[in-house]
Amino acid sequence: MTNGRRDADDYDAIAIENRWQTRWDDEGTNRFTESALRTAKRPFYNLMMFPYPSAEGLHVGNMYAFTGADIYGRWKRLLGEDVFEPIGFDAFGIHSENFAMKVGVHPMELIPRNIANFTRQLKRIGAMYDWDHTVDTTAPEYYKWTQWIFLQLYKAGLAEKKEAAVNWCPSCMTVLSNEQVISGECERCGSKVEQRLLSQWFFRITKYAQRLLDNLEWIDWSDSTIKAQENWIGRSEGAELRFPVVGHEPLLVPVFTTRPDTVFGATFLVLAPEHVAVASIASDAQRAEVEAYRERAASLDLVTRKKADKEKTGVFTGAYACNPATGENIPVWIADYVLMEYGTGAIMAVPGHDERDFEFAKQYDLEIRRVVAGDADVDVSPLEEAYTGPGRLVNSQKFDGMNTVDGIRSVTALLAQQGFADARVNYRLHDWCISRQRYWGPPIPILYCDRCGTVPVPETDLPVELPFVESYKPDESGVSPLARVESWYRTTCPQCGGEAKRETDVSDTFLDSAWYFLRYPSANNGDMAFDPELTKKWLPVNMYIGGEEHAVLHLLYSRFITMVLKDLGHIEFEEPYTTFRKHGLLIKEGAKMSKSRGNVVIPDAYLEKWGADTFRMYLMFLGPYQEGGDFRDQGLIGPYGFLNRLWETVLPVEELGGGAPDAGVERKLHQTIRKVTEDIAALRYNTAVAAMMEYLNTVRAGNRSVVRSEIEPLVVLVAPFAPHIAEELWERLGYTKSIFAPAEDGSDAGNWPAFDDEKARVNTIEFVISVNGKPRARMNVAPGITETHAKDVGLEDVNVQRALEGKTIRKMIFIADKLLNIVVS
RNA sequence: GCCGAGGUGGCGGAAUGGUAGACGCAGGGGACUUAAAAUCCCUCGAUCGCAAGGUCAUGCGGGUUCGAAUCCCGCCCUCGGCACCA
C-alpha cells in the first residue's frame, strides 16, 4: 500500500487467505483418505485439546492453543512427515446444558448450531485440520463407544455403584461440583448448598494410582504438569495402626499415619462423624450429643466442611481405646476435620506433633505430650505449638533417642509383631465418580431388573440413545430428569425378559474426552471404537499440546482409561501421549481476561482486520509459548509489517536476482535456519519469529538488490506461522504444488531448508577485553584468536591501559572466542 | 500453609556463568507529500560529559566466582494449581 490505493500486487491478506482456505478445502490438502491413513509412511499424530463449542464462539485462548499446536504440525509436515491433525467437539456436559437453559434453547438444537459456528471459525484460522476425521461427543455414533468403554470397565470389575456425598443446591435442584460451590453457596443462585448421599457409579482409578505415578518418571511431559499429577495422586508412606476399643473387644479401630514413631504421643483418637464404628461405641450418656453432631456434620456442605481455617469442633463418644504402644486408655472423639474418604476415616491424634490435633486438643483441653525433640536441643519442655519437624524420640520408652527415620521403622516393626500395625501406602487420589444426575450426557448403559439385579446393556444394543426430552431441567428429586421419562426407562431385561428399569444418570463429560484421541483415526468406523491396525499405526499420540487447566482431570483420566484398555487387551500401549507440552496463559494488557472485566479478546474482528497470518504470528511472538503472554492491540502491527516487507521483497519475482547469495547474507541465512529449526522443535516460537525478522532485516539492509536464493528459504521458514502468504508466495515463485506437499524431488523430504554448519560459521567475532569483569574494549577478530595474541592486542588498547593505570595485574582469564579478563588490584 | 512458575527499559519480551536489553511496540528527529496516511532512514535504559569516555542499573539483603539477570542462602511481591489428606 504505497500510494494510498491498493495495487493489484499489494499484500491483501484477506483475499489471499480466502483463496487458500477454499483451495485446501476443495483439494482436501489436509485430509487423509481412509487408505492414505493406512499407508502413511512416516505417521505423526499431532493432537490438540478439542474445544467445548460454546455459544460465544472461539475464544482467543483456544486460538492461542490451536495455533501453537498447528505450527508444530505444519513444521513436521514441512519436514516430510505424514501429519495427522484432527479436531472435534467436546459438546456434552453441564456447561452446555446450563447455557441452553439460560437462553431457553434445547441443547439438541443449540449444540449443532454452535458446532457449525466453531467449524467456520476453525477453518478461518488456517489450521491444517483433517475435516474428514472429526468427532462430536454428542453424536450417538460416538457415545455408543463411550458406553462400550463403560461396559468394558464394568465387566472388568472397575466400575461399581456406591453411596457418596455430593453437593446439592436446593434451589437449582441439582448436584454441583466442588468448583461450583463458592464459600458454601451455589455459584449461580447463591443458595446455601447442602450435602446429600446419593448412590453413584465410580471407576476404580485408585487401583491404578501407583502405576499412574510410576509412569510419570518416563513419559515426556512438561515438568509442571508431571508435578501437578504427582501432587494430585498424593502418595504417602506410613502405617496402619490398630487401636482396640475398651469394652468392645475384639473391635479394632484402624488409623493411617505417616508418623508411627509418634504413637507414644497419641493421647486420643478421632473418628470421622460418618465412621461406621461410631454408633456401636458411643456411650449411652454421650449418644444424644454424638447423634446431634453427626446430623450437623451431614448437613454441612462439603466445601465449607473441608475449609482448613474453620474452627475445629467435635464431641467425645464416651468410649476409650487402648494405645497399643503405651497401654494407656485414651478417649475416642468424633470431629468433622477427619475425613471419611481419606485413609481409614479415623486418626490417632498426636497433638504435640500435628497442627490440627494440637488445635483440637487446645479447644477441648486434651493432653498434649511431647515425644519428639528437635535434633539441636534435646528438649523435653512442654510445647507451645505443634512440632512437626524431624528429631529424636523422647517419652517413648525404649525408643528414646532414636531419630525420626529409624523410629518410624522400629515402632512399626514392634507393633506389627504384636499384630497392631502394618506398613501401608495411602493415596490422596479418590475413585472417579462418573454419575451425573443431569440430562446432557451419554446414559450409563446399565439396567436394573428385580430378578437379575444390575444388568449391563448388551453391547449389541448400544447405543443407549439419549431421548429428546422437552423439559430436561433437573429437579429436587436427586435423580436425573431422565427418571421422569417412563417410556424411556421402562424396558425389558435382556437376561430374563422380565421388566427392567434403565439407569437414569448420565456419565461425566470427562469420560467422553478420556478416549477421543483413540477415535479420530477410526472416526468413520461404525463397527468398532477403534480399528486395531490404524491404532497401531498412529498411536500413541506423538505430540499433545494443551492448557494446564487439565493437568489433573482430563490428562489423568485419559491415562487411566488407556491403561485399562491395554490391560483388557484392546490396545498395546499404556500411555496415551508420548509427549505433552503445556502452553501458557494469555492475559490482556496485564490483566486476566474475563467476561466481567469485559476484556476478553474475540478473534473474529482481528482476523478480519489483520488476517489470520498476522494474528497467528503475533500470538506466537508476544511471549514464550509455554509461559503465555500479554495481548496488546498495538503489537499486531509488528508482525503485519514483517509480512508486508516479506511480500515486497519476494515480489515481483521477475525482479529477483539470480545467482549466488551474498556471503554475509548466506551466513546469516544458515544461522537463521538453524535457530528457527531448533526453536520450533522446542516450542520457542517467539524467538523463532524474532530470528526471521532479523534475517529479513539483514536481507533488506541498505536497500540492496535481493537474489532469489536468499529469500526463498525464508518463505518456507515462515510457512508454519503464516501458511497462507507462504502458499501464495511459493506459487508465485513458480511451484505448482503446495509448499506443504512433499518436495518435488520425489524423496520423502519436505520443503524445509537444511542448514549447513559450515556456511553458518562466522568469520569475525567481537572479542572483549575486560578489566575486573568490566568490558573496556571490543575488537573484531577472526575466530580462533590465540591467548598470546589476545593479550598482546588487549594490553595495547588505550582504554584498557587507562583502566590498568596504577594497578598490578594479578592474572588473566582467557575464554576462547569470547573474552580476556584482566584481574588487577 | 504446600507445590509450581516468575519479578529485566515507557511497554511485550531477549540473554540460563562471559558484551544486559535481541526482536517488536510506543516515543523523538528526518526524507517523500499541497497535506495526511502509508513507506523509508536515523535515534531511543538512567545519569555526567563538547567528545573520548565514565558512573549507575536485571524485586530486596547477603554469599560463591576472575566474572552473576543467570548459581547458593535469607526475605518481599505477583501469577497459576492444590489445600483440615493425618
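All chains are named by letter (A, B, ...) in the order of the sequence lines, taking the proteins before the strands, and each is independently numbered beginning at 1.
Comparing A:Arg700 and A:Lys774 by the nucleotide of RNA chain B whose heavy atom lies nearest to each, the residue mapping closer to the 5' end is A:Arg700. Each of A:Glu355 and A:Ala346 lies near RNA chain B, and the nucleotide nearest A:Glu355 is the one positioned closer to the 5' end.
Residue pairs meeting the ring-ring contact (aromatic ring centres under 6.0 Å, His included) criterion with at least one member in residues 667-696 of chain A, sequence neighbours excluded: A:Tyr625-A:Tyr685, A:Tyr685-A:Phe721.
Nucleotide B:G49: unpaired (no Watson-Crick or G-U wobble partner with both distances less than 3.5 Å). Remark: B:A69 base-pairs with no nucleotide in the shown strands. Criterion, Watson-Crick or G-U wobble with two distances under 3.5 Å. Across all strands shown, B:C75 forms a Watson-Crick or G-U wobble pair with B:G59, both key distances being under 3.5 Å. Under the Watson-Crick or G-U wobble criterion, with both distances below 3.5 Å, B:U64 has no partner in any strand shown. In this structure, B:A14 forms no base pair with any nucleotide, since neither Watson-Crick nor G-U wobble geometry is met with both distances under 3.5 Å.
When heavy atoms are screened at a 4.0 angstrom cut-off, A:Val798 is found touching no nucleic acid atom at all. Among the protein residues, A:Arg632 comes within range of the sugar-phosphate backbone only, with heavy atoms under 4.0 Å from sugar or phosphate atoms but none that close to a base.
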Short heteroatom pairs, N/O only, protein and nucleotides 2-8 of chain B, under 3.5 Å:
| from | atom 1 | to | atom 2 | distance (Å) |
| --- | --- | --- | --- | --- |
| B:C3 | O2' | A:Asn231 | ND2 | 3.1 |

Could you write out each protein N or O paired with an N or O of nucleotides 46-53 of chain B at a distance under 3.5 Å?
| from | atom 1 | to | atom 2 | distance (Å) |
| --- | --- | --- | --- | --- |
| B:G53 | O3' | A:Asn799 | OD1 | 3.4 |

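For the pair A:Asn772 CG and B:A68 C1', the interatomic distance rounds to 15 Å; values are reported in whole Å. Atom CG in A:Asp630 sits about 14 Å away from atom C1' in B:U78, given to the nearest Å. Rounded to a whole Å, the CG atom of A:Leu585 is 14 Å from the C1' atom of B:U78. For the pair A:Leu636 CG and B:G12 P, the interatomic distance rounds to 16 Å; values are reported in whole Å. If you take CZ of A:Arg810 and P of B:U65, they are 17 Å apart, rounded to a whole angstrom. For the pair A:His430 NE2 and B:C82 C1', the computed distance is 13 Å after rounding to whole Å. B:C82 atom C1' lies 19 Å from atom OH of A:Tyr427, rounded to whole Å. Note: OH (A:Tyr11) to P (B:U39) measures 14 Å, nearest angstrom.
Across B:C44 and B:A52, the matching P atoms stand 12 Å from one another, rounded to whole Å. One P atom belongs to B:A5, the other to B:C11, and the distance between them is 26 Å to the nearest Å. Across B:U19 and B:A36, the matching C1' atoms stand 43 Å from one another, rounded to whole Å. Separating the P atom of B:G17 from that of B:G6 is a span of 14 Å, rounded to the nearest Å. B:A14 and B:C3 have their C1' atoms separated by 29 Å, with the value rounded to a whole Å. Between the C1' atoms of B:C79 and B:G27, the separation comes to 30 Å (whole Å). Nucleotides B:C48 and B:C42 place their C1' atoms 24 Å apart, quoted to the nearest Å. B:G28 and B:A37 have their P atoms separated by 12 Å, with the value rounded to a whole Å.
Counting non-hydrogen atoms of neighbouring residues, nucleotides and ligands closer than 6.0 angstrom, the CG atom of A:Asp223 reaches no more than 12 such neighbours. By the neighbour-count criterion of 12 heavy atoms within 6.0 Å, atom NZ of A:Lys207 is sparsely surrounded, having that number or fewer from other residues, nucleotides or ligands.
The base of B:C84 is paired with the side chain of A:Lys312 by a donor and an acceptor separated by under 3.5 Å.
Separating the CD atom in A:Glu341 from the CG atom in A:Asp431 is a distance of 11.5 Å, to the nearest 0.5 Å.
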Exercise. How would nucleotides 18-27 of chain B be written as a contact map, 5' to 3', with B for base contact, S for sugar-phosphate-only contact and - for no contact, using protein heavy atoms under 4.0 Å?
Worked result: BBS-BBSSS-

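Using bins of under 30°, 30° to 60° and over 60° for the plane-to-plane angle, the ring pair A:Phe631/A:Tyr606 lands in the perpendicular bin. Aromatic ring pairs are classed by plane angle as parallel below 30°, tilted from 30° to 60° and perpendicular above 60°; the pair A:Tyr64 and A:His583 is perpendicular. The aromatic rings of A:Phe360 and A:Trp333 sit perpendicular, their planes meeting at an angle over 60°, well past the 30° parallel limit.
B:G6 has its base anti relative to the sugar, with a glycosidic angle deviating from 0 by more than 90°.
Salt-bridge annotation for A:Asp797 and A:Arg802: absent, with no side-chain N of the basic residue lying under 4.0 Å from a carboxylate O of the acidic one. Under a 4.0 Å N-O distance rule, the pair A:Asp357/A:Lys362 does not qualify as a salt bridge. A salt bridge between A:Glu240 and A:Arg242 is present, with a side-chain N of the basic residue lying under 4.0 Å from a carboxylate O of the acidic one. Here A:Arg424 does not pair with A:Asp422 in a salt bridge; the nearest charged N to carboxylate O distance is not below 4.0 Å.
Put simply, the side chain of A:His353 gets close to the backbone of A:Val371: a donor and an acceptor are under 3.5 Å apart. For A:Tyr293 (side chain) and A:Thr313 (main-chain N/O), a donor-acceptor pair under 3.5 Å exists by modelled atom type.
For the segment residues 254-266 of chain A, residues with any heavy atom less than 4.0 angstrom from an atom of RNA chain B are, sorted by number, A:Phe256, A:Thr257, A:Thr258.
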For this session: Would you please test A:Val768 and A:Lys818 for side-chain contact (heavy atoms from CB on, under 4.5 Å) and show each step?
Result: CA-CA 6 Å; A:Val768 172; A:Lys818 292 254 180 193; over 6 Å; no

Problem set entry | CA sep, side-chain torsions, deciding dist, call: A:Asp220, A:Arg581, salt bridge (charged side-chain N to carboxylate O under 4.0 Å, His left out) | CA-CA 9 Å; A:Asp220 175 22; A:Arg581 292 289 177 269; 2.9 Å; yes

Return all side-chain donor-acceptor pairs below 3.5 angstrom for residues 778-785 of chain A, not counting sequence neighbours, or 'none' if the list is empty.
none

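A close approach under 4.0 Å does not occur between any side-chain nitrogen or oxygen of A:Lys675 and OP1 or OP2 of B:A15.
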